[in-house]
Amino acid sequence: MEKVESGSVENGTLADFQIPAKKLNVVFVLGGPGSGKGTQCTKIVEAFGFVHLSAGDLLRAEAKSGSESGIMIDNMMKEGKIVPAEVTVKLLEKAMKKSNNDKFLIDGFPRSLDNRELFDSVTGIEPRFILFFDCPKEEMERRLLGRNQGRDDDNEDTIRKRFKTFIETSLPVVKFYEEFDKVHKIDATRTVDEVFSSIEPLFQEFKRTGSELQEELVQAILPYLSCRLGALVHTPFGFDK
Ligand SMILES: Nc1ncnc2c1ncn2[C@@H]1O[C@H](COP(=O)(O)OP(=O)(O)OP(=O)(O)O)[C@@H](O)[C@H]1O
Ligand SMILES: Nc1ccn([C@H]2C[C@H](O)[C@@H](COP(=O)(O)O)O2)c(=O)n1
């Protein structure tokens with residue numbers, strides 16, 4: 001299979017990608033904090049077999065891992081600031097390489113023009129389109145304060161800072177892609193199901209075929225089967241006898 005040319009990649013980090021950049025289907029999911037990006041990504045994954053990569057989740061995991069950059073990430077997130085693009089792009093790249101899939105929903109990224117430029121130069125991946133969840137500040141704030149997922153940044157003070165960063169640093173990314181006609185603006189004030197109904201048609205081209213669904217089923221039950229098989233081998237009535 002054709003690979004990404006290492007010459008086009010900084011540090012050659014993408015050289016072990018099994019799928020060429022041009023064949024990867026990447027959709028960026030943008031919107032203010034609490035606009036419902038993660039909620040809709042979960043539904044898109046179920047319906048269309050995408051891999052959901054949340055930049056925020058990857059950063060939170062890295063912060064918890066005790067790595068060198070962990071404390072810096074944690075502090076920046078508490079201040080509602082955008083973590084340096086080098087860190088986030090590296091985490092995304094690693095997560096994409098680990099996956100065998102060719103369809104990625106990248107949630108909460110690019111959150112700045114720096115994010116966008118570095119991702120572009122490192123991966124050479126052009127997003128298929130951008131989903132932009134449009135929601136008034138008051139509704140986003142209401143949702144964030146009711147989220148109850150134990151996130152350190154879901155407090156009034158940090159939420160105010162996150163909104164400011166969203167307007168000053170993240171909206172210019174949406175404007176950038178609007179110039180290329182790549183943005184699907186979604187009214188995110190409706191119910192979860194209504195929002196999903198309005199984005200579903202955008203993903204029809206990614207509908208899974210029968211054999212893809214079959215392969216997914218096999219992958220899902222394989223761990224169970226191998227576990228059962230292992231148990232049989234080690235019981236007196238199993239294969240040993
Ligand atoms: N359409 C909706 N109507 C009402 N509540 C919603 C809707 N979509 C999501 N929520 C709720 O709002 C909260 C925030 O949603 P979600 O985590 O999906 O937002 P997000 O955009 O991913 O936020 P963040 O950028 O902070 O990670 C959650 O508690 C979720 O259940
Ligand atoms: N590309 C990104 C994405 C996220 N962050 C930081 C800053 C955000 O406030 C925080 C939480 O993200 P969320 O889970 O709300 O998407 O993570 C960033 O610096 N760069």
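Both counts, for ligands and for their atoms, begin at 1 and track the order of listing.
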**OP:** Mark up the atoms of ligand 1 that fall under 4.0 Å of a heavy atom belonging to Arg162, in ascending order.
**Re:** 26 (O)

Original post:
Going by the order shown, which atoms of ligand 2 are within less than 4.0 Å of some heavy atom of Leu59?
Top reply: 4 (C), 5 (N), 6 (C), 18 (C), 19 (O), 20 (N)

Original post:
At the 4.0 Å heavy-atom cut-off, does Gly56 count as touching ligand 1?
Top reply: no

Subject >> Closest protein heavy atom to atom 7 (C) of ligand 2, given as residue, atom name and distance to 0.1 Å >> reply: Lys81 O, 3.4 Å

Subject >> Which residue and heavy atom of the protein sit nearest atom 19 (O) of ligand 1, plus the separation >> reply: Gly36 N, 3.3 Å

Original post:
So does Lys137 pair up with Glu141, basic N to acidic O under 4.0 Å?
Top reply: no

Original post:
Nearest protein heavy-atom contact for atom 13 (P) of ligand 2: which residue, which atom, what distance?
Top reply: Arg111 NH2, 3.4 Å

Subject >> For Gly56, the ligand 2 atoms whose distance to one of its heavy atoms is below 4.0 Å >> reply: 12 (O), 14 (O)

Original post:
To which protein heavy atom is atom 10 (C) of ligand 2 closest, and what is the distance rounded to 0.1 Å?
Top reply: Met77 CE, 3.6 Å

Original post:
What's the shortest distance from atom 22 (O) of ligand 1 to any protein heavy atom, and which residue and atom give it?
Top reply: Gly38 N, 2.9 Å

Subject >> Element-labelled atoms of ligand 1 that are located less than 4.0 Å from some non-hydrogen atom of Lys37 >> reply: 18 (O), 19 (O), 20 (P), 21 (O), 22 (O), 23 (O), 24 (P), 25 (O)

Original post:
Judged by modelled atom types alone, do Arg190 and Ser198 share a side-chain donor-acceptor pair under 3.5 Å?
Top reply: yes

Original post:
Touching ligand 2 at all, Arg60? Heavy atoms, strictly under 4.0 Å?
Top reply: yes

**OP:** Kindly say whether the aromatic ring centers of Phe203 and Phe129 come within a distance under 6.0 Å.
**Re:** yes

Subject >> Which of the ligand 1 atoms, numbered from 1, are nearer than 4.0 Å to a heavy atom of Leu144 >> reply: 26 (O)

**OP:** Anything under 30° is parallel, anything over 60° is perpendicular, the rest tilted; go ahead and classify Tyr177 against Phe28.
**Re:** tilted

Original post:
Does Glu139 come within less than 4.0 Å of Arg142, counting only side-chain N to carboxylate O?
Top reply: yes

Original post:
Would you say the side-chain atoms of Ser99 pair up with the backbone N or O of Ala95, donor to acceptor, closer than 3.5 Å?
Top reply: no

Original post:
When you measure from the side chain of Ser226 to the backbone N and O of Pro223, does any donor-acceptor pair fall under 3.5 Å?
Top reply: yes

Original post:
Should you measure from each heavy atom of Val192, which atoms of ligand 1 turn up under 4.0 Å away?
Top reply: 1 (N), 2 (C), 7 (C), 8 (N)

Original post:
Nearest protein heavy atom to atom 5 (N) of ligand 1, by residue and atom, and its distance?
Top reply: Arg143 NE, 3.6 Å

Original post:
So how far is it from Leu217 CG to Leu222 CG, rounded to the nearest 0.5 Å?
Top reply: 9.5 Å

**OP:** Examine Ala55 against ligand 2 and note whether any of their N/O atoms are separated by less than 3.5 Å.
**Re:** no

**OP:** Please verify whether a non-hydrogen atom of Ser35 lies at under 4.0 Å from ligand 1.
**Re:** yes

Original post:
If you measure every N/O of Gly146 against every N/O of ligand 1, is any gap under 3.5 Å?
Top reply: no

Subject >> Asn115 and ligand 2 - part of the residue with a heavy-atom distance under 4.0 Å >> reply: side chain

**OP:** Number the atoms of ligand 1 from 1 as they appear, then name those within less than 4.0 Å of a heavy atom of Pro33, with their elements.
**Re:** 25 (O), 26 (O)

Subject >> Distance filter under 4.0 Å to Phe109 heavy atoms, resulting ligand 2 atoms >> reply: 1 (N)

Original post:
Which residue holds the protein heavy atom closest to atom 27 (O) of ligand 1, what is that atom called, and what is the gap in Å?
Top reply: Arg151 NH1, 3.1 Å

Original post:
Given Leu30, Val29, Thr39, Asp153, which one has a non-hydrogen atom that is nearest to atom 9 (C) of ligand 1?
Top reply: Thr39

Original post:
Can any side-chain N or O of Ser35 pair as donor or acceptor with the backbone N or O of Cys135 at less than 3.5 Å?
Top reply: no

Original post:
If you count the non-hydrogen atoms of other residues, nucleotides and ligands that lie under 6.0 Å from CD in Glu178, is the total more than 12?
Top reply: yes

**OP:** Report, as yes or no, whether the 6.0 Å neighbourhood of atom CD1 on Ile71 holds more than 12 heavy atoms from other residues, nucleotides or ligands.
**Re:** no

Subject >> Side chain, backbone, both or neither: Ile82 near ligand 2, heavy atoms under 4.0 Å >> reply: both

Subject >> Test item: side-chain donor near acceptor, Gln204 and Glu200, under 3.5 Å >> reply: no

**OP:** Using distance alone, decide if ligand 2 has a nitrogen or oxygen within less than 3.5 Å of any nitrogen or oxygen in Val83.
**Re:** yes

**OP:** Please verify whether a non-hydrogen atom of Arg151 lies at under 4.0 Å from ligand 2.
**Re:** yes

Original post:
Rounded to the nearest 0.5 Å, how far does CD1 of Ile106 lie from CE of Met96?
Top reply: 4.5 Å

Original post:
Side chain of Ser69, backbone of Met72: donor and acceptor closer than 3.5 Å?
Top reply: no

Original post:
Can you tell me which residue and heavy atom of the protein come closest to atom 17 (O) of ligand 1, and the distance to 0.1 Å?
Top reply: Arg147 NH1, 2.7 Å

Subject >> CA sep, side-chain torsions, deciding dist, call: Asp154, Arg162, salt bridge (Lys or Arg N to Asp or Glu O under 4.0 Å) >> reply: CA-CA 10 Å; Asp154 280 350; Arg162 288 159 72 194; 2.9 Å; yes

Original post:
Ring centres of Phe48 and Phe206 under 6.0 Å apart?
Top reply: no

Subject >> atom 1 (N) of ligand 1 [closest protein heavy-atom partner, distance rounded to 0.1 Å] >> reply: Arg190 O, 2.9 Å

Original post:
Near Gly108, which atoms of ligand 2 are under 4.0 Å from a heavy atom of that residue?
Top reply: 1 (N), 2 (C), 3 (C)

